[in-house]
Amino acid sequence: MEFILQPWPWYVAGPAIAFVLFLMFYYGRAFGVSTNLETFCTIGGAGNFSDYFKTDWKARKWSLVFVLGIIIGGVISSQYLMSSNAIALNPETVKELAALGFANAGSDYLPAEIFSVANLGSLKGILILLVAGLCIGFGTRYAGGCTSGHAITGLSNLQLPSLVAVIGFFAGGLLMVWFLFPLLF
Amino acid sequence: MKHLKFLIIGIIFGIILSKSEVVSWYRIYEMFKFQSFHMYGVIGSAVAIGIVLMQLFKRGIIKDFQGNKITVKPKKKGFIRTFVGGSIFGLGWALAGACPGPIFVLIGHGAVSILVVLLGAILGAFIFGLLHKKLPS
């Protein structure tokens, strides 16, 4: 039990994610999360605006159930499986973040500077979250997959499009963290 | 329930992403700053094992639960689509510190603000659907 409550190292997490990949294919489905964003649009009536969304969402119920499971997995972890929310960060990272205005980096999973409920009261606070979401939704659908679909499944399957997508993930991520963060925070 | 197995696989995935701290905004920042091996180790070892799994699927050594050959759909080609789409996703991944899987995990953690990210992501997918015919591939 002690092991479960501690943070899991990469060499446990990586193989465990590969096991999830195996289970999905064993049960006849692809491993991916971001297609569900389109399914939500279809359920919400987006088919009235674009034929792109005129799909049979019921055929993707299994994936919605998978997502429901992910949420429940989050509930179980946060309620029962975490003895602490602290993240053991590189001290260099903590120092850097402090200079950017992020106090107590690593004391919780998420920085209050971005995710506190109080931030939802400010325009900048809301915009940061909303724009991040817009980029995630638009980008994954344009690229045809996210971390699970491209980085894990696609790279495992030696797909060139996935390698290009992952290089793109890093191009965008590096641009954000190295150049845009100092302007935003 | 017909899809119970996918519920259970989802729960396992949610627990792995929580316990390995992959859902932490800080872990993503650290990764893009090259200040920790953690995320590279997680993704790298998953892919290393995944490559072996895919080969076993293709050679028919591992079959699905009904005994059929497992096929893996190739990804859509197109440099602009994957590179530009991927870069736009990367901007959001770094800013929110979460990709689609972790967004749902964090909802389970009770992080209210992540709902705004999810709303944005759904809107983003909607905008893509409206524009998809006009975008270069």
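Not measured: the values here are computed from a predicted model. Lettering follows sequence order; numbering is per chain, from 1. Atoms considered below: every heavy atom in the structure, side chains included; atoms not considered: hydrogens, waters and symmetry mates.
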Check your understanding: Hey, which of B/Phe34, B/Phe57, B/Trp93, B/Phe65 has the most heavy atom pairs under 4.5 Å with chain A?
Key -> B/Phe65
Exercise for review: Can you tell which part of B/His132 gets under 4.5 Å to a heavy atom of chain A, answering side chain, backbone, both or neither?
Suggested key: side chain
Check your understanding: Would B/Lys5 count as a cation-pi partner of A/Tyr26, with NZ or CZ less than 6.0 Å from the six-membered ring centre and within 45° of the ring normal?
Key -> no
Review point. Which region of B/Leu115, side chain (C-beta onward) or backbone (N, CA, C, O), has a non-hydrogen atom less than 4.5 Å from a non-hydrogen atom of chain A, or is it both or neither?
Key: neither
**Study point:** Choice from B/Ser36, B/Gly50, B/Ala111 maximising heavy atom contacts with chain A below 4.5 Å
**Key:** B/Gly50
Practice item. Say whether, by atom type as modelled, one donor and one acceptor occur between the side chain of B/Lys75 and the main chain of A/His150 under 3.5 angstrom. Key: no
Check your understanding: Just how far is it from atom CG of B/Asp64 to atom NZ of B/Lys69, taken to the nearest 0.5 Å?
Key -> 11.5 Å
Review point. Under a 4.5 Å heavy-atom cut-off, does chain B meet the side chain of A/Gln79, its backbone, both or neither?
Key: neither
Point to revise | Transitive ILVMFWY side-chain link B/Leu123 to B/Leu131, under 4.5 Å | key: yes
Point to revise | Partner chain A: residue of B/Ile107, B/Leu17, B/Leu130 with the largest heavy-atom pair count (under 4.5 Å) | key: B/Leu130
Point to revise | Donor-acceptor side-chain pairing of A/Asn157 and B/Lys73 below 3.5 angstrom | key: no
**Study point:** Heavy-atom proximity to chain A below 4.5 Å, by part of B/Ile103
**Key:** side chain
Check your understanding: Using non-hydrogen atoms only, which part of B/Leu53 is less than 4.5 Å away from chain A: side chain, backbone, both, or neither?
Key -> side chain
Point to revise | Best-contacting candidate, B/Lys77, B/Lys76, B/Glu30, B/Gln66, against chain A by heavy atom pairs under 4.5 angstrom | key: B/Glu30
